[in-house]
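Note sheet for the following structure.
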There are 2 protein chains.
Amino acid sequence: MPVTIYDVAREAKVSMATVSRVINGTAVVKDETKKRVQDAIARLGYRPNAVARGLASKRTRTIGVIVPDVSAAFVAEMVRGIEDIATMYDYHIILVNSDAQVDREVSLVGTMWEKQVDGIIYMTNVLSQKEIDAFEEAQIPVVLCATEDPERRIPSVNIDNYRAGRDAVNFLLEKECKEIAFVTTEEGESVVADRRLQGAQSRMRDQELHVIRTGQGRYEVALGIIREYLEKHPLDGVVAASDELGLATIHAVQDIGRHVPGDVKVIAFDNTRLATMIRPEMTVIAQPMYDFGAVSMRLLTKLLQDEPVDNYSVTLLHNILERKST
Amino acid sequence: MPVTIYDVAREAKVSMATVSRVINGTAVVKDETKKRVQDAIARLGYRPNAVARGLASKRTRTIGVIVPDVSAAFVAEMVRGIEDIATMYDYHIILVNSDAQVDREVSLVGTMWEKQVDGIIYMTNVLSQKEIDAFEEAQIPVVLCATEDPERRIPSVNIDNYRAGRDAVNFLLEKECKEIAFVTTEEGESVVADRRLQGAQSRMRDQELHVIRTGQGRYEVALGIIREYLEKHPLDGVVAASDELGLATIHAVQDIGRHVPGDVKVIAFDNTRLATMIRPEMTVIAQPMYDFGAVSMRLLTKLLQDEPVDNYSVTLLHNILERKST
DNA sequence: CTGTTAGCGCGTTCAC
DNA sequence: GTGAACGCGCTAACAG
């Protein structure tokens, strides 16, 4: 039989209300009785039941974290950031994968509602109205993490992807690149990627920006596509929408007997560990992946505790780390 | 005001018990009244409160997942496996990182207890008695995932690491390697790694197995250590305890002007995506990372539903994928 | 097949 | 400073 707050009360010869008080520090309790209670708790090995607590207080100290796929390096890093800050503020996270499927995402918001989570941290490739409606219906505070919401209807943490795309191209331009390509996923796959592409295009003037589409952006398929493109087009600079695509580019270049950075310079997005674990080490537009998660979670705690928030859509800084591929 | 089961009952002109029945399929309900209830639920947008449900039923349909660090590729993949199967059986997971610190691990088992999780999936580098005691005290079913418990006191899912280490060395031996090294972490860092080393050593006969210790096994520090070792010792075969260490080995070999696989053959553990994203593609002892998670979760569901279990310590198969580094 | 009645373990008034 | 009593939303007997 699990020991309850009543058992502690009896053991300490006080009422359960008093026990509750010393546990939660809700009110002043005489030092002596407080000690009696604490001793009783220790003696009985009492653990407050978080479920009962959640029912009574209507707060579960649990956060729903909805992501496309934890097994992606970028996402995992972010989740780690979320969890660290959650722990710091005494929250726990329920993690679910949506595979970026709208129906599933909407359904997951519903189950988070049933779970009575205090808040949600949400990441997706494309934010649709359906999801916004789901948030609205569930009446749960949401923070978007590394997710584009052009209309900024929901609190969010992101970088300026347009500017980042622009910076990447600018970097190559300053390296005297003439024929630049942007390697990315299919259009509509990811609003973040699309936004970067727009930024990249905005920096080109009379020249044309080559755009290489690689499906979902997986290394294996991208490799072939990029190689084929390279054989037909004399590129000398590539911006890749992810480390994985950057690596595919480097290998594609090498496969056709050309050289990075001598013949083709490559700069990629993200800066996962991959970027420094390959040869040549990759120049990147670094994204603060861990911070995306950490800052999102911190913002959410503010929302939950009615702390003043001076900025509901936080823009973190990206930066260029020049290495050996440019 | 959130709508409760009472509201639905009133709307459908039945008792709350009946509503509960149609929601849970706990008993037969006349088709007509069932429909009335379902309509009422839809009309009101009712969602059952999982917290109240958990308190009443003493089952939360929540699983605690305790891992060293989600941001490690290996772990993230495993978590994905856990979550997929959890979803399939209508469970959710609370994810926490322990950083492999015993105190924290013990404490986390305690908070899982408070959260009233139905079960725990546990992964760690070194399993100590303290943790076993914590499981015992919390009285929660636990499944160890990719974690060595020599005494098999707790249900677990793992590969035969001893045999895997042996197989790796054997593979190099058959390739005519004479001077073989095992690149791993410090002794005691990870029982899994230690076990593999033992297996590796068991396969050597009169020859000596070189052992290269690389601290925590991080690429950046390992690279220097391995390079230094290589300069002093004429190795021609290396078994690395992880993909990351395998890659460090390949680069170390290249750094001193030698060649993989020509001069030195490299085989590594794990087979994360990294292994096929580098040049040369790495020969590996592949571990079923996703399956570790998936099978663990499945085993746990059996434990929770009192299904018959024919094997409490499941041994998954590893296999060698020969690629370009050997 | 359906309704009534107890709890589940805790937070939170409101008195004392 | 402390205790008694109620309610959070639901499941699970038990009747009928």
Side-chain angles (χ1 to χ4, degrees), chain A residues 1-38 40-41 44-62 90 111-118 138-139, chain B residues 1-38 40-41 44-62 90 111-118 138-139:
Chain A
M1 266 307 89
V3 14
T4 76
I5 200 171
Y6 283 104
D7 300 323
V8 176
R10 193 177 325 117
E11 177 82 9
K13 301 189 192 312
V14 296
S15 75
M16 55 154 299
T18 300
V19 177
S20 177
R21 284 180 192 116
V22 344
I23 291 174
N24 301 306
T26 303
V28 189
V29 177
K30 206 200 296 176
D31 274 2
E32 186 201 315
T33 66
K34 180 189 287 184
K35 184 166 187 328
R36 277 221 312 284
V37 171
Q38 286 165 337
I41 289 177
L44 296 169
Y46 168 71
R47 290 274 182 170
N49 180 324
V51 175
R53 214 194 272 230
L55 184 59
S57 68
K58 296 178 169 307
R59 290 153 75 287
T60 56
R61 302 210 75 82
T62 301
D90 196 26
T111 65
M112 288 304 171
W113 178 7
E114 294 189 356
K115 283 281 189 178
Q116 308 291 117
V117 298
D118 295 342
Q139 298 255 53
Chain B
M1 267 311 87
V3 13
T4 76
I5 199 172
Y6 282 105
D7 301 324
V8 176
R10 195 180 322 118
E11 177 82 9
K13 300 189 194 313
V14 297
S15 76
M16 55 164 300
T18 300
V19 177
S20 177
R21 285 183 192 111
V22 344
I23 292 175
N24 301 308
T26 302
V28 189
V29 177
K30 206 200 300 176
D31 274 1
E32 186 202 316
T33 65
K34 182 189 286 187
K35 184 167 186 329
R36 277 223 312 284
V37 171
Q38 285 166 339
I41 288 177
L44 268 42
Y46 167 73
R47 289 275 181 170
N49 181 325
V51 176
R53 206 188 272 219
L55 184 60
S57 69
K58 297 179 169 305
R59 289 155 75 279
T60 55
R61 302 210 73 83
T62 301
D90 195 26
T111 66
M112 287 305 172
W113 178 6
E114 294 189 357
K115 283 282 189 178
Q116 307 292 118
V117 298
D118 295 342
Q139 299 255 52

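Quick note on labels: first sequence line is chain A, next is B, and so on, each numbered from 1.
B/K115 has its NZ atom 14 Å from the P atom of C/dC10, to the nearest Å. If you measure from atom CD of A/Q116 to atom P of C/dC10, you get 19 Å, rounded to the nearest angstrom. C/dC8 atom C1' lies 13 Å from atom CG of A/D7, rounded to whole Å. In this structure, A/R61 places its CZ atom 14 Å from C1' of C/dG11, rounding to the nearest Å. At whole-Å resolution of the value, CD1 in B/I5 and P in D/dG7 are 19 Å apart. When rounded to the nearest whole Å, the span between CZ of A/R21 and P of D/dT2 equals 8 Å. Spacing between atom CE of B/M16 and atom C1' of D/dA12 amounts to 10 Å, rounded to whole angstrom units. One interatomic measurement links the two molecules: CG of A/L55 to P of C/dG7, which rounds to 17 Å at whole-angstrom precision.
In this structure, B/Y46 reaches the D/dC10 phosphate: one of its side-chain N or O atoms is under 4.0 Å from OP1 or OP2. In this structure, A/S15 does not reach the D/dA4 phosphate: none of its side-chain N or O atoms is under 4.0 Å from OP1 or OP2. Residue B/N49 places none of its side-chain N or O atoms closer than 4.0 Å to OP1 or OP2 of D/dC8. Residue A/S20 places none of its side-chain N or O atoms closer than 4.0 Å to OP1 or OP2 of C/dC10. Between A/K58 and the phosphate of D/dG9, there is a side-chain N or O to OP1/OP2 separation shorter than 4.0 Å.
Heavy atoms of B/T4 sit under 4.0 angstrom from primed sugar atoms or phosphate atoms, though from no base atom. Across all strands, A/T33 comes closer than 4.0 Å only to sugar-phosphate atoms, never to a base (heavy-atom distances). Counting non-hydrogen atoms under 4.0 angstrom, B/V51 reaches nothing in the nucleic acid.
In the set C/dC1, D/dT2, C/dC10, C/dC10 carries the atom at the smallest distance from any side-chain atom of A/A52. Distances from the side chain of A/V29 to the nucleotides C/dT5, D/dT2, C/dC10 place D/dT2 closest. Listed nucleotides: D/dG1, C/dG3, C/dC8. Nearest to the side chain of A/V28: D/dG1.
The two residues A/V3 and A/V8 have their closest heavy-atom pair at CG2-CG2, 4.3 Å. Here the closest heavy-atom approach between residue B/V51 and residue A/K115 is recorded as CG2-O, 3.8 Å.
Of the inter-residue distances, the one linking B/R10 atom CZ with B/M16 atom CE reads 12.0 Å to the nearest 0.5 angstrom.
Residues B/T4 and B/N49 form no side-chain contact, since every pair of their non-hydrogen atoms from C-beta on lies 4.5 Å or further apart.
A distance-only check finds no donor-acceptor pair linking the side chain of B/R47 to the backbone of A/E114 [under 3.5 Å].
A donor and an acceptor atom never sit less than 3.5 Å apart when one is taken from the side chain of A/R59 and the other from the base of C/dG11.
Judged by closest nucleotide on DNA chain C, B/K34 is the one of A/I23 and B/K34 placed further toward the 5' end. Looking at which nucleotide of DNA chain C each of B/S57 and B/A17 is closest to, the 5′-most match is held by B/A17.
Of the options A/N24, A/V22, A/I23, a side chain to side chain contact (heavy atoms under 4.5 Å, CB included) to A/S20 is made by A/N24 and by none of the others.
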